[in-house]
Amino acid sequence: MTIEAILKEDIKKAILKNFEVVADDIILQPTKKEFEGFYTFVTFSLSKAARRAPAEIGQIIGADLQENSSVVSHFNVVQGFLNLSLSDVTWRNLFSDIESAPVFGTFPSNGQSVMVEFSSPNTNKPLHLGHLRNNFLGDSLSRILKASGYDVIKTCLVNDRGIHICKSMLAYRELGNGETPESSGLKGDHLAGKYYVQFDKEYKAQIKQLVAEGLTEEVAGKKAPWMLEAQRLLVLWENGDKETVDLWNKMNGWVYDGFRQTYDKIGVSFDKTYYESNTYLLGKDIIEEGLQNGVFFKKEDNSVWIDLKEEGLDEKLVLRSDGTSVYITQDLGTTELKNSDFHNNRYLWVVGNEQDYHFKVLFAILKRLGRTYAEGCYHISYGMVDLPSGKMKSREGTVVDADELVSQMIQTAATRTQELGKIDDFQSEEAVRLYDQLALGALKYFLLKVDPKKRMLFNPEESIDFQGHTGPFIQYTYARIRSIIRKAEQAELAGSIPSETYEMHAAERELIFALSQYPNRVAAAANEFAPSVISLYAFELAKTYNQFYAEVSIFSDPNPEAVKFRIALSKVVSETIHHALELLGIEVPERM
RNA sequence: GGUUUCGUAGCUCAAUUGGAUAGAGCACCUGACUACGGAUCAGGAGGUUUGGGGUUCGAAUCCCUACGAGACCA
């Protein structure tokens, strides 16, 4: 039983005994720093039932706990707040439990499985900053869910077909001169992206030309030769035209090669990849099924709709009058496919909040269709990433390229490390690895520390900051502890749990308390689908350790029991930081 | 036009889901044993939580309203 559970039990008993009131839901909160104590019980809401003043209730329960609870040592009451302090033996036992846990912060299997879909790139251009937030969130969430007991399958749905791909193909065919990633020295995804931009340039020129000839902007946009040709390519592709499919395969192959390099660099991987080219025709049989049982209805022009007004949504098109699919049709089909492939209990989609409405509709339709798995479907909606200059717009070239950003960060990490001169050899394998760890640590932490639901600002200057509330700050704390552990090993000092009479230093209690919060936070992060919970925790823990480190001396304390205890404490903190950062997909260095 | 999300220190973010005098980091100022790693620590300054009203023991959080920003549906 956790300390918190014991306290709640004891408080419940005290309430029943003193006021003859049955309180079923005891809520404890951490005591604010300016007050003494670690756990606070708020008594205001009991006031009516117990017919006493809040402060009086606090006094009575506090006195009862001090007398009867096995863990409470003393208490104080401020207004309706009962602040509880724990005895040193309790702290000692608590630490002993934490220290002996097999993997602290990891929960046993809950027998449930979850599929997390994320990343889901288009193959017509390279990944950018927005994708990074998506990838880091999806990757971290997968790790968190796994740690909290789920069986996790990471998936990626690649948008590898459609008009946008045909645009790149067309521009390449016309302007490429047989260029390849090898001949140009460009990463494959960047090469494809280059021709996508070329298409846009030429297309705009054609529109301008047509407008000059007297067409309206709108008509010109539809009649521009390259637009017509791109559409023709799409039809050719759909009909399996060999030449078109060959070109498509060739260019997509380059793109996948480029993506793989990026994924490797940022440490992201998938268990299963779906390709839209294989799934875009799915979903039509579901439309048929829905028509049969009256979930969908046909309009005069033969288009198929669903009326979701009851759900507070609108009428939604699910099949066009010409019988072609819309996005939602494909998603219905793909979800059905996922479920028949894996039979998971839950399905998550990490997709930007611009698609909130889309997913509401998707889930509502699945429910109408009687799909039982619909209950386990969640849209992990995250906010857009803005730049100091405003929104990222590919048309205006304000998009921050992922590869470029990462290599700049690595450069900064190298420079910073060399300036500080803390490691011996700046060229060694370990050093190069360190630069990667610091760069990605900074970048991932920067993007993961904010509540996913909120839109956030990417400030390039702050993102390469290695001080304060950053990934490298936490990594530094880890490296410093590792240095202590090495020193202890050299001195043949093993960490150990102190005796029951050991008097704790305040900094030690703080540290044990911080450690004890970890499993709760992992559970909360999993429940709320929010890696930021772990990010903030890792920072708090590192800060608490640094305070401890500044306040007590580890090796030169005259009491050998204290020395050994502090070594043990340090070790557990380093392991917990390691574990927490791992849940964020961030590596830890031995030295930095 | 309809639907929806958001607005917290100069800047970037928190606030345990309705609890105490709203907390961190950056930037700014002051300090830290002849130091177990100073990428650290201690302290200072910085707020009418966009404005206004309401609900109650208690509101950044819930309701209404105005203003401002974003997204979606055509």
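So that the names make sense, note that chain A is the first sequence line, chain B the second, and so on, each numbered from 1. Atoms considered below: every heavy atom in the structure, side chains included; atoms not considered: hydrogens, waters and symmetry mates.
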Using the rule side-chain hydrogen bond (donor to acceptor under 3.5 Å, both in side chains), only one of A:Lys367, A:Lys360, A:Arg368 pairs with A:Glu311; which is it?
A:Arg368
Write down the partner of B:A27 under the Watson-Crick or G-U wobble criteria, each distance required to be under 3.5 Å.
none
Decide whether A:Ser321 and A:Asn302 meet the rule of one side-chain donor and one side-chain acceptor closer than 3.5 Å.
no
Donor-acceptor side-chain pairing of A:Asp465 and A:Thr470 below 3.5 angstrom:
no
Considering every strand and a 4.0 Å limit on heavy-atom distances, what is the contact class for A:Leu28: base, sugar-phosphate, or nothing?
nothing
Please determine if A:Arg416 forms a cation-pi arrangement with A:Phe466, meaning its NZ or CZ atom is less than 6.0 Å from the six-membered ring centre and no more than 45° off the ring axis.
yes
Name all residues meeting the side chain to side chain contact (heavy atoms under 4.5 Å, CB included) criterion together with A:Glu354; count only those two or more places apart in sequence or in a different chain, and write none if there are none.
A:Met384
Earlier contact from the 5' end, RNA chain B, for A:Met456 and A:Leu82:
A:Met456
Provide, to the nearest angstrom, the distance between the CD atom belonging to A:Glu34 and the P atom belonging to B:A20.
9 Å
List, one per line, each side-chain donor-acceptor pair under 3.5 Å for residues 34-50 of chain A, sequence neighbours excluded.
residue: A:Glu36; atom: OE2; partner: A:His74; partner atom: NE2; Å: 2.8
residue: A:Thr40; atom: OG1; partner: A:Thr31; partner atom: OG1; Å: 2.7
residue: A:Thr40; atom: OG1; partner: A:Asn83; partner atom: OD1; Å: 2.7
residue: A:Thr43; atom: OG1; partner: A:Pro54; partner atom: O; Å: 2.9
residue: A:Thr43; atom: OG1; partner: A:Gly80; partner atom: O; Å: 3.0
residue: A:Ser47; atom: OG; partner: A:Arg52; partner atom: O; Å: 2.8

Please pick, from B:G37, B:A14, B:C41, the nucleotide with the shortest atom-to-atom distance to any side-chain atom of A:Ala479.
B:G37
RNA chain B: A:Gln29 or A:Ala413, which has the more 5' nearest nucleotide?
A:Gln29
Starting at atom OH of A:Tyr537, determine the distance to atom P of B:A14, rounded to an integer number of angstrom.
19 Å
Nearest-Å distance for atom pair OH/P, residues A:Tyr545 and B:G37
10 Å
Counting the atoms with a prime plus P, OP1 and OP2 as sugar-phosphate, which does A:Glu528 contact under 4.0 Å by heavy atoms, base, sugar-phosphate, or nothing?
base
Would you tabulate the nitrogen or oxygen pairs shorter than 3.5 Å linking the protein to nucleotides 42-44 of chain B?
residue: B:A42; atom: OP1; partner: A:Gln547; partner atom: NE2; Å: 3.1

Per atom distances to the A:Ser45 side chain, the nearest of B:G38, B:G19, B:A20 is B:G19
Using a cut-off of less than 4.0 Å, is there contact between a side-chain N or O of A:Arg455 and OP1 or OP2 of B:A69?
no
Gap between atoms CD and P, on A:Glu540 and B:A24 respectively (whole Å)
11 Å
Using purine N1 to pyrimidine N3 plus N6-O4 or O6-N4 for Watson-Crick, or N1-O2 and O6-N3 for G-U wobble, both under 3.5 Å, which nucleotide pairs with B:U3?
B:A71
Stacking between A:Phe81 and the base of B:A20 (centre distance under 5.5 Å, interplanar angle under 30°)?
yes
With a 4.0 Å cut-off on heavy atoms, is A:Pro30 in touch with a base, just the backbone sugar-phosphate, or nothing at all?
base
Anti/syn call for B:U4, syn if |chi| within 90°
anti
Pairing partner of B:G37, by Watson-Crick or G-U wobble and under 3.5 Å for both distances, is none
For B:A20, does OP1 or OP2 lie under 4.0 Å from any side-chain N or O of A:Lys32?
yes
Report the nucleotide, chosen from B:G25, B:C57, B:G19, that has the shortest atom-to-atom distance to any side-chain atom of A:Val42.
B:G19
To the nearest angstrom, how far is A:Phe513 atom CZ from B:U16 atom P?
14 Å
Centroid distance under 5.5 Å and plane angle under 30°, A:Phe44 vs B:G19
yes
Please list, chain by chain and in numerical order, all residues satisfying side chain to side chain contact (heavy atoms under 4.5 Å, CB included) with A:His469, sequence neighbours excluded.
A:Tyr445, A:Lys449, A:Leu536, A:Phe539
What's A:Lys33 touching, base or sugar-phosphate or nothing? Going by heavy atoms closer than 4.0 Å.
nothing
Which nucleotide, if any, forms a Watson-Crick or G-U wobble pair with B:A9, using both distances under 3.5 Å?
none
Can you check whether A:Phe35 stacks with the B:A20 base, using ring centres under 5.5 Å and planes within 30°?
yes
Once you apply a heavy-atom cut-off of 4.0 Å, does A:Ser47 come out as touching a base, just sugar-phosphate, or nothing?
nothing
Distance in Å, A:His505 NE2 paired with A:Asp557 CG, rounded so as to fall on 0.5 Å steps
9.0 Å
Does atom CZ of A:Arg486 have more than 12 heavy-atom neighbours from other groups under 6.0 Å away?
yes
Please determine, for B:G19, whether a Watson-Crick or G-U wobble partner exists with both distances under 3.5 Å, and give it or none.
B:C57
Between C1' on B:A15 and CZ on A:Arg521, what's the gap in Å once rounded to a whole number?
11 Å
About how many Å separate CD1 of A:Ile380 and CG of A:Asn353, when rounded to the nearest 0.5 Å?
13.0 Å
Pairing partner of B:U49 (Watson-Crick or G-U wobble, both distances under 3.5 Å)
none
Between A:Ile11 and A:Leu82, is any pair of side-chain heavy atoms under 4.5 Å apart?
no
Whole angstrom value for the distance that separates P of B:C13 from CG of A:Leu447
11 Å
When you get a sec, tell me which of B:G70, B:U21, B:G37 is the closest nucleotide to the side chain of A:Gln79?
B:U21
How long is the straight-line distance from OH of A:Tyr478 back to CD of A:Glu575, given to the nearest 0.5 Å?
8.0 Å
Which part of the nucleic acid, if any, lies within contact of A:Asn83, taking any heavy atom under 4.0 Å across all strands shown: a base, the sugar-phosphate backbone alone, or nothing?
base
Using a 4.0 Å heavy-atom cut-off across all strands, classify A:Asp386 as base, sugar-phosphate, or nothing.
nothing
Once you apply a heavy-atom cut-off of 4.0 Å, does A:Ala488 come out as touching a base, just sugar-phosphate, or nothing?
nothing
Any chance OH of A:Tyr327 has more than 12 other-residue heavy atoms, nucleotides or ligands included, within less than 6.0 Å?
no
Nearest-0.5 Å distance, CG of residue A:Leu28 to CD1 of residue A:Ile3
11.5 Å
Can you give one letter per nucleotide of nucleotides 1-11 of chain B, 5' to 3': B if a protein heavy atom sits under 4.0 Å from the base, S if only from the sugar-phosphate, - if neither?
-----------
Ring geometry between A:Trp349 and A:Phe363 (parallel below 30°, tilted from 30 to 60°, perpendicular above 60°)
tilted
Short heteroatom pairs, N/O only, protein and nucleotides 27-36 of chain B, under 3.5 Å:
residue: B:C36; atom: O2; partner: A:Ile554; partner atom: N; Å: 3.3
residue: B:C36; atom: O2; partner: A:Phe555; partner atom: N; Å: 3.1
residue: B:C36; atom: N3; partner: A:Ile554; partner atom: N; Å: 3.0
residue: B:C36; atom: N4; partner: A:Tyr549; partner atom: O; Å: 2.5
residue: B:C36; atom: N4; partner: A:Val552; partner atom: O; Å: 2.5

What is the nucleic acid contact for A:Thr40, judged by heavy atoms within less than 4.0 Å: base, sugar-phosphate only, or nothing?
base
Rounded distance (Å) that lies between atom C1' of B:A74 and atom NE2 of A:His358:
17 Å
